[in-house]
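Bear in mind that the values here come from a model prediction, so they are computed numbers and not experimental data. Labels below follow one simple rule: chain letters A, B, ... track the order of the sequence lines, proteins then strands, and each chain is numbered from 1. What you see below is based on every heavy atom in this structure, not just the backbone, and it leaves out hydrogens, waters and symmetry mates.
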Number of protein chains: 2
Amino acid sequence: MTAMAPSRAEPDLSFLLDHTSHVLRTQMAAALAEIGLTARMHCVLVHAIEEERTQIQLAEIGDMDKTTMVVTVDALEKAGLAERRPSSTDRRARIIAVTEKGREVAEHSQRIVDGVHRKALDALPEDEREVLLRAMNRLVEGHLSTPMETPRPARRARQ
Amino acid sequence: MTAMAPSRAEPDLSFLLDHTSHVLRTQMAAALAEIGLTARMHCVLVHAIEEERTQIQLAEIGDMDKTTMVVTVDALEKAGLAERRPSSTDRRARIIAVTEKGREVAEHSQRIVDGVHRKALDALPEDEREVLLRAMNRLVEGHLSTPMETPRPARRARQ
DNA sequence: TATTGTTATACTCTATAACTATA
DNA sequence: TATAGTTATAGAGTATAACAATA
């Protein structure tokens, strides 16, 4: 599953980040699954509510491929939480419109997400909690802002 | 790639952990790739040096499946960094013996790993760094210690 | 020519199932 | 019967390629 274990004296930041993010992700997935959502569906729903956005825009926000967005929106439509509507300004593009039910579900799922985060943070003393968030934000905006490119191994054509 | 984006007032711990662990992982992969190692190969190498260990024991330490361990050990053997030796006490088991070259490479890769971690931590003020590590360790040992079970969807037999 | 969304599918990763040898 | 290691492969996830419609 996750690689890399602790055991040395040196602080193993990889292990700490991999482990915590993985466990939190399983907690989040389990919590959202109870109302039939994936983390991605929740993410798209929330950002589609904020303002009129196309699939591409939502894909960018959620850092997904546009093809992944297609299946995510398919799932949202199937669940009756969102609909594709033609953009009034670009006939190629589709606006993701959240339904009334989608709005309700998103409110619920946002409470679930916040609750999962809250429970994790509440496990820390207040001073640590604050500093942890500040430090993580600093890393996200600085040294750990951009993924390093992995040389993708060219793919052969379709047929 | 990674889902879930920031944007709300609530601290989005999922985003912070996912993003930082992902970026750090790409940095680590790139750094280790320069000497032909994956993070998993490094992990196995290091723990195989510490003491005589079987594949299963190493798999447990690195939190991998035994079948994943097979391919990792294959790679290490192919690179001349380790060898499978029959255990003297259990004829089913194989001890992973690290070669002299493997020892040298492991020393090098450990420096690389520590360097990648060091650079990330050095991007933080000292007080934040310390608290971050303390808080992460607290989470790993407490609220975020154990992944939540995902109901695996039974798999059909082979053939 | 470039871009949005779509379908089809190649590829990677991981883990289950089944097997062999041994305990 | 249970376990260590192996092989084969199912299945999930993801992203590339190609395409149609439109810009």
Send over the distance from [X] [atom1] to [N] [atom2], rounded to a whole Å.
X	N	atom1	atom2	result
A:Met69	C:dT7	CE	P	15 Å
A:Glu52	C:dT4	CD	P	17 Å
A:Leu58	C:dT6	CG	P	12 Å
A:Arg92	C:dA2	CZ	C1'	8 Å
B:Met64	C:dT16	CE	C1'	19 Å
B:Lys66	C:dT20	NZ	P	14 Å
B:Gln57	D:dT3	CD	C1'	13 Å

Subject >> Phosphate contact (C:dT9 OP1 or OP2) by A:Arg156 side-chain N/O below 4.0 Å >> reply: no
Subject >> A:Arg84 side chain near C:dT4 phosphate (N/O to OP1/OP2, under 4.0 Å) >> reply: no
Between [options], which one does the side chain of [X] approach most closely?
X	options	value
B:Ile56	C:dT4, D:dT14, D:dG5	D:dG5
B:Gln55	C:dA15, D:dT6, D:dA4	D:dT6
A:Asp65	C:dA23, D:dT16, C:dG5	D:dT16
B:Arg40	D:dA4, C:dT14, C:dA2	C:dT14
B:Arg94	D:dT6, C:dA15, D:dA18	D:dT6

Should [X] and [Y] count as side-chain neighbours, where that means a heavy-atom distance under 4.5 Å?
X	Y	value
A:His143	B:Gln27	yes
B:Arg94	B:Thr54	no
A:Gln55	A:Arg84	yes

**OP:** Take B:Asp74 and B:Arg155, find for each the nucleotide of DNA chain D with the closest heavy atom, and name the residue whose nucleotide sits nearer the 5' end.
**Re:** B:Asp74
Original post:
Taking atom types as they are modelled, is there a donor-acceptor pair under 3.5 Å from the base of C:dA15 to the side chain of B:Thr67?
Top reply: yes
Original post:
Do the side chains of B:Leu144 and B:Val131 join up, straight or via other hydrophobic residues, at under 4.5 Å, putting them in one cluster?
Top reply: no
Original post:
Can you tell me how far CE of B:Met64 sits from CG of B:Leu58, rounded to the nearest 0.5 angstrom?
Top reply: 8.0 Å
**OP:** Please work out if B:Ser87 contacts a base, only the sugar-phosphate, or nothing of the nucleic acid, heavy-atom cut-off 4.0 Å.
**Re:** nothing
